[in-house]
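Following: one structure in structure tokens, then a few remarks.
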Amino acid sequence: MRSIAFKPVFTALAFALGLSIYAAAQAGTVTVITSFPKEITDTYRKAFEAKNPSIKLEILNKSGTASIPYIRETAAGQRPDVFWSSDVVAFEVLARDKLLQKAPEAGNPLVPQKIGTYPVNDPEGFYYGQALSGYGIMTNKRYMQANKLPAPKEWADLTKGVYFGHVAVSSPSRSGTTHLTVETILQGEGWEKGWTQLLQIGGNCAAVTDRSFGVPDGVNNGQFGIGLVIDFFGLAGRYSGFPVDFVYPSVTSVVPASIAMIAGGKNAAEASKFIAYSLSMEGQELLFDPKISRMPVLPYSVAGLKVPADYPNIYDIARKSKVKFDSELSEARYALVTSLFDQTVTFRLKELQAATKAIHEAERKLAAKPNSRAAELLKQARSFAYTPLVDEKNVNDKQFLEIFRKNKKDVAVAKQLTGLEELWNSKAKANYARAEQLAGEAAALIK
């Protein structure tokens with residue numbers, strides 16, 4: 001009887017002891033939610049844990065766009081501790097929703113206030129620039145030589161017929177860095193011209209990948225010749241020995257990849273230590289690892305910073321850039337831009353490719369033998385294929401934009417958005433079919 005009576009007490013003690021061991025284990029773990037590849041996260045995890053043996057780093061890999069709802073929907077006290085991403089818009093959204101908190105140990109006084117005209121750190125102190133990123137064009141040199149392709153230098157080059165079927169991009173709805181690339185083009189060229197350019201580039205694409213990693217991986221291994229990527233993908237490929245190049249177009253933007261402490265995370269003290277480490281001299285120099293190849297927020301002039309000899313100077317690139325990136329504008333129309341891209345490019349890639357191929361074929365024939373009627377038909381074909389389905393007047397209409405910022409779980413909102421997306425999708429399909437037909441008629445007139 002005594003042993004039976006003792007059993008519940010022993011079980012309760014064992015359970016309590018188990019809970020305390022679990023709590024202690026959790027107290028030494030920092031969960032980082034990030035879109036960065038393992039080449040970055042593994043390098044930082046090993047270096048940080050070596051310096052802080054009592055703290056473990058746990059990586060939760062999600063895109064910037066997927067991280068926001070995940071953090072929102074996770075209960076306070078159970079959320080990840082750190083958000084680390086190149087998606088500047090995601091930080092603004094999380095800060096606005098009061099899902100970030102200040103990290104008391106973070107910050108580095110040697111970091112400049114701005115990169116170009118863009119603030120490196122959040123003025124309110126809720127997130128910190130940890131690396132700098134620009135957007136550009138990655139090419140596989142062997143692929144380009146084998147296919148006798150000239151090296152593109154500007155986004156506009158990628159609209160040319162010579163690049164048909166050789167380009168890859170990821171979907172901006174699945175990749176925060178691709179969204180920033182798309183926004184860079186739209187802000188640099190203007191809404192109408194920018195969308196025309198994006199649709200032309202989309203028509204030349206061999207693929208629209210689900211994740212941003214798919215593009216650099218495909219260029220590295222020669223599956224694609226050209227990719228639209230954030231700079232560290234291209235530079236990491238080059239410095240890791242792949243036969244690739246990377247260029248910044250004149251229409252580019254340079255913005256911080258940031259790091260922040262999440263409000264309601266499990267381990268604030270340890271999280272603050274990791275953020276501080278990422279901004280320290282040692283943490284900044286890790287960015288020069290060939291597998292990472294990112295630009296530090298510390299200027300190259302900082303004493304003691306060991307910069308590789310042939311590294312691009314991102315501060316110089318920012319000064320020369322034609323784009324003064326407006327993150328508020330980007331955030332305001334984020335859902336519109338990503339949805340419009342998917343409905344007109346991602347989900348209608350096959351039809352856009354067919355229209356673009358027919359247009360390029362007619363252009364080649366017309367260049368060899370002018371024909372006024374064919375030229376008119378070709379002009380109409382290009383208009384059908386490459387005119388954006390949402391004009392600038394609507395984009396500047398706050399009421400129209402507000403539709404895309406409402407709660408999508410609301411039945412009426414969801415119905416309205418679905419109606420718009422279905423309209424764009426069917427309109428794009430019809431436009432591309434008409435463009436292919438007109439381009440075919442133009443080509444047929446040229447004997």
Item to check | Electrostatic pair Glu183-Arg333, nearest N-O below 4.0 angstrom | outcome: yes
Next on the checklist: Would you compute the distance between atom CG of Leu445 and atom CG of Asn371 and round it to the nearest 0.5 angstrom?
Outcome noted: 5.5 Å
Checklist entry - Below 4.5 Å, heavy atoms only, C-beta onward: do Leu352 and Thr344 meet side chain to side chain? => result no
Next on the checklist: Testing the 3.5 Å rule here: is there a donor-acceptor pair between the side chains of Ser63 and Ser35?
Outcome noted: no
Next on the checklist: Would you compute the distance between atom CG of Leu57 and atom OG1 of Thr41 and round it to the nearest 0.5 angstrom?
Outcome noted: 8.5 Å
Item to check | Electrostatic pair Arg96:Glu331 at N-O distance under 4.0 angstrom | outcome: yes
Next on the checklist: Can you confirm whether more than 12 heavy atoms, excluding those of Gln113, are under 6.0 Å from its CD atom?
Outcome noted: no
Next on the checklist: Pairing donors with acceptors under 3.5 angstrom, does anything connect the side chains of Arg294 and Ser86?
Outcome noted: yes
Checklist entry - With side chains defined as the heavy atoms from C-beta onward, is the minimum distance between Pro312 and Ile317 less than 4.5 Å? => result yes
Checklist entry - Would you call Asp391 and Lys393 a salt bridge, using N to O less than 4.0 angstrom? => result no
Next on the checklist: Counting C-beta onward and ignoring hydrogens, is there a side-chain heavy-atom pair between Pro388 and Glu192 closer than 4.5 Å?
Outcome noted: yes
Item to check | Face-on cation placement of Arg79 at Tyr70 ring, 6.0 Å and 45° thresholds | outcome: no
Item to check | Sub-6.0 Å ring centroid separation between His179 and Tyr334 | outcome: yes
Item to check | Name of the residue among Val323, Leu198, Thr196, Val251 meeting side-chain contact (heavy atoms from CB on, under 4.5 Å) with Glu189 | outcome: Val251
Next on the checklist: For the residue pair Thr184 / Ser253, report whether a side-chain donor-acceptor contact shorter than 3.5 Å exists.
Outcome noted: yes
Checklist entry - Just wondering, are more than 12 heavy atoms of other shown residues or ligands nearer than 6.0 Å to CD in Glu328? => result no
Item to check | Any side-chain donor near an acceptor of the partner, Thr139 and Asp245, under 3.5 Å | outcome: no
Next on the checklist: Can you confirm whether more than 12 heavy atoms, excluding those of Arg142, are under 6.0 Å from its CZ atom?
Outcome noted: no
Next on the checklist: I want to know whether Phe246 and Tyr135 have ring centres closer than 6.0 Å.
Outcome noted: no
Checklist entry - Could you walk me through whether Glu58 and Thr29 pass the side-chain hydrogen bond (donor to acceptor under 3.5 Å, both in side chains) check? => result CA-CA 7 Å; Glu58 177 183 73; Thr29 300; over 6 Å; no
Checklist entry - Is the count of non-hydrogen atoms from other residues, nucleotides or ligands lying under 6.0 Å from Lys46 atom NZ greater than 12? => result no
Next on the checklist: Do Asp231 and Tyr248 pair up side chain to side chain, a donor and an acceptor below 3.5 Å, judged on atom types alone?
Outcome noted: yes
Item to check | Side-chain donor-acceptor contact under 3.5 Å, Thr356 with Tyr386 | outcome: yes
Checklist entry - Thinking salt bridges, do Glu361 and Lys357 make one under a 4.0 Å N-O criterion? => result no
Checklist entry - Passes side-chain hydrogen bond (donor to acceptor under 3.5 Å, both in side chains), Gln130 versus Ser258? Steps please. => result CA-CA 5 Å; Gln130 191 268 331; Ser258 298; over 6 Å; no
Next on the checklist: So Phe341 and Leu199, do their side chains get closer than 4.5 Å, heavy atoms only?
Outcome noted: no
Checklist outcome for this item: Across all chains, not counting sequence neighbours, the ring-ring contact (aromatic ring centres under 6.0 Å, His included) partners of His360 are none
Next on the checklist: Under a plain distance cut-off of 3.5 Å, with no hydrogens placed, do Ser170 and Asp210 share a side-chain donor-acceptor pair?
Outcome noted: no
